[in-house]
Amino acid sequence: MLESLKGKSVIVTGGSKGIGLGVSIAFAKAGAFVTIAARGEEAGANAVEAVALAGGTVQFLQCDVSDWASVESVFNEVAKDYGLDIVCANAGIFPKQTIEKMHPDEWDLVLDSNLKSSFYCVKAALPHMKKQGKGRIVLTSSITGPITGDVGWSHYAASKAGQLGFMRTAALELAPHNITINSILPGNIRTEALNDLGEDYLQKMGNTIPLGRLGAPEDIAGAALFLASDAASYITGQQIVVDGGQVLPEGLEAPD
Ligand code: NAP
């Protein structure tokens, strides 16, 4: 299955940390050329080192996914130098704030970073993938919004559910060009951003997961590799939940 990823050019937004870094390492190990697109240069340099250590070929390009000019210029640069086969639109933020206390600017920041960015990535990839007659796009959504609610994350949930609505129409518009677009819905994945929510949160969440542990970036990477591979060439507009069974229990108690 992974044979088909050899030599492919993939952009991973938010590839400098967490899930995106795990995805970048996995693509690099499968023989793809990885472009990590994120804002922070120091984290980007560290990520390049980590991916190279794993034996991959990789570059970092500074990019703010909430800014159209930035996304367009990075995608054009990659396409010009290496072609563009796969986009993992993964960058996102999840600051916690209740509706009562939320300033409208906080809402806009999350929607711009998580949802508008998906539109930007697809729009920027489209001319290049259309020209080469094929392409794969994988969005990182979440269980929060599409399936569950969570106090303090109304803006985040709206952005993540919005990604799926966008994806379904995008799938129809991209299909004639042999471009697929699918979404991964992670549960609680142990990353720097999740660690920021505190040990108490991590402990409690871990206890509710039927498979008995929080997820790891590699768990999401497995689904991304599949969706980008030839094995998934007839799948588009779909979502895969990768959550260790987290959303399955009917009650609040963790299963025995
Ligand atoms: P993370 O560890 O904080 O990593 C986020 C990545 O996105 C970093 O590389 C960050 O780099 C980049 N980023 C953030 N805003 C950006 C922007 N405006 N432009 C470009 N890059 C940006 O977060 P994570 O936990 O891996 O989350 C990654 C994705 O998975 C997000 O979409 C998140 O919603 C989703 N997700 C995570 C979980 C979880 O449990 N961890 C669960 C469900 C869904 P810079 O800040 O340097 O730009």
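The structure displayed is predicted, hence computed values, not measured ones. All ligand and atom numbering here is 1-based and tracks the order in the structure.
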Using a strict 4.0 Å cut-off to heavy atoms of [X], name the atoms of ligand 1 that fall inside it.
X      : answer
Gly18  : 2 (O), 26 (O)
Asn188 : 40 (O)
Tyr156 : 33 (C), 34 (O), 35 (C), 36 (N), 43 (C), 44 (C)
Ile93  : 14 (C), 15 (N)

Relative to ligand 1, is [X] under 4.0 angstrom through side chain, backbone, both or neither, heavy atoms considered?
X      : answer
Cys63  : backbone
Ile189 : both
Ser141 : backbone
Leu194 : side chain
Lys160 : side chain

Which pairs count as side chain to side chain donor-acceptor pair (under 3.5 Å) when at least one residue sits in residues 77-95, sequence neighbours excluded?
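Listed by first then second residue: Asp85-Gln132, Asn90-Thr140.
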
If you look only at pairs with a residue in residues 17-38, which of them pass as a side chain to side chain donor-acceptor pair (under 3.5 Å), with sequence neighbours excluded?
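As it turns out, the side chain to side chain donor-acceptor pair (under 3.5 Å) pairs with a partner in residues 17-38, which skip direct neighbours, are Thr35-Gln59.
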
Aromatic rings Phe166 and Phe119: how do their planes relate, parallel, tilted or perpendicular, breaks at 30° and 60°?
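Aromatic pair Phe166/Phe119 classed perpendicular.
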
Quick one: does [X]'s side chain have a donor or acceptor within less than 3.5 Å of a partner on [Y]'s backbone?
X      : Y      : value
Ser4   : Asp230 : yes
Gln246 : Asn188 : yes
Lys6   : Leu2   : no

Salt-bridge criterion met for Arg213 and Asp219 (N-O under 4.0 Å):
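Here Arg213 pairs with Asp219 in a salt bridge, since their nearest N and O are under 4.0 Å apart.
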
Please list the nearest protein heavy atom to [atom] with its residue and the distance rounded to 0.1 Å.
atom                    : value
atom 11 (O) of ligand 1 : Ser16 OG, 3.5 Å
atom 5 (C) of ligand 1  : Gly92 O, 3.9 Å
atom 37 (C) of ligand 1 : Ile19 CD1, 3.5 Å
atom 22 (C) of ligand 1 : Ala91 CB, 3.6 Å
atom 23 (O) of ligand 1 : Ala193 CB, 3.7 Å
atom 25 (O) of ligand 1 : Thr191 OG1, 2.6 Å
atom 46 (O) of ligand 1 : Arg39 NH2, 2.9 Å
atom 29 (C) of ligand 1 : Asn90 O, 3.1 Å

Is it the case that over 12 heavy atoms from other parts of the model lie below 6.0 angstrom from the CD atom of Glu49?
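Count not over threshold, so no.
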
Surrounding CD1 of Ile99 (heavy atoms of other residues, nucleotides or ligands, distance under 6.0 Å), is the total greater than 12?
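Open: at most 12 neighbouring heavy atoms sit under 6.0 Å from CD1 of Ile99.
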
Set out, in order, the CA-CA distance, both residues' side-chain angles and the distance that settles side chain to side chain contact (heavy atoms under 4.5 Å, CB included) for Arg136 and Ile179, then state yes or no.
CA-CA 6 Å; Arg136 293 299 169 83; Ile179 304 166; over 6 Å; no

So for ligand 1, is [X] a polar contact partner (N or O within less than 3.5 Å, distance only)?
X      : result
Gly40  : yes
Asp64  : yes
Ile143 : no

Taking side chain as C-beta onward, heavy atoms only, is Val110 less than 4.5 Å from Trp153?
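No, too far: nothing below the 4.5 Å cut-off.
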
In the structure I gave you, are the side-chain heavy atoms of Val34 and Thr57 within less than 4.5 Å of one another anywhere?
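SC-SC contact between Val34 and Thr57 ruled out.
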
To which of Ser142, Ala89, Gly187 does the heavy atom nearest atom 38 (C) of ligand 1 belong?
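It is Gly187 whose heavy atom sits nearest to atom 38 (C) of ligand 1.
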
Select the closest option to atom 30 (O) of ligand 1 among Ile184, Asn195, Thr140, judged by heavy-atom distance.
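Comparing heavy atoms across Ile184, Asn195, Thr140, the nearest one to atom 30 (O) of ligand 1 lies in Thr140.
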
Carefully, step by step, assess Gln163 and Ser118 under the rule side chain to side chain donor-acceptor pair (under 3.5 Å).
CA-CA 7 Å; Gln163 281 183 299; Ser118 300; 3.0 Å; yes

Give the minimum heavy-atom separation between Ile86 and Phe27, together with the two atoms involved.
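Smallest heavy-atom distance, with atoms named: CD1-CE2, 4.0 Å.
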
State if Thr13 counts as touching ligand 1 under the rule of any non-hydrogen atom under 4.0 Å.
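Under 4.0 Å: no for Thr13.
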
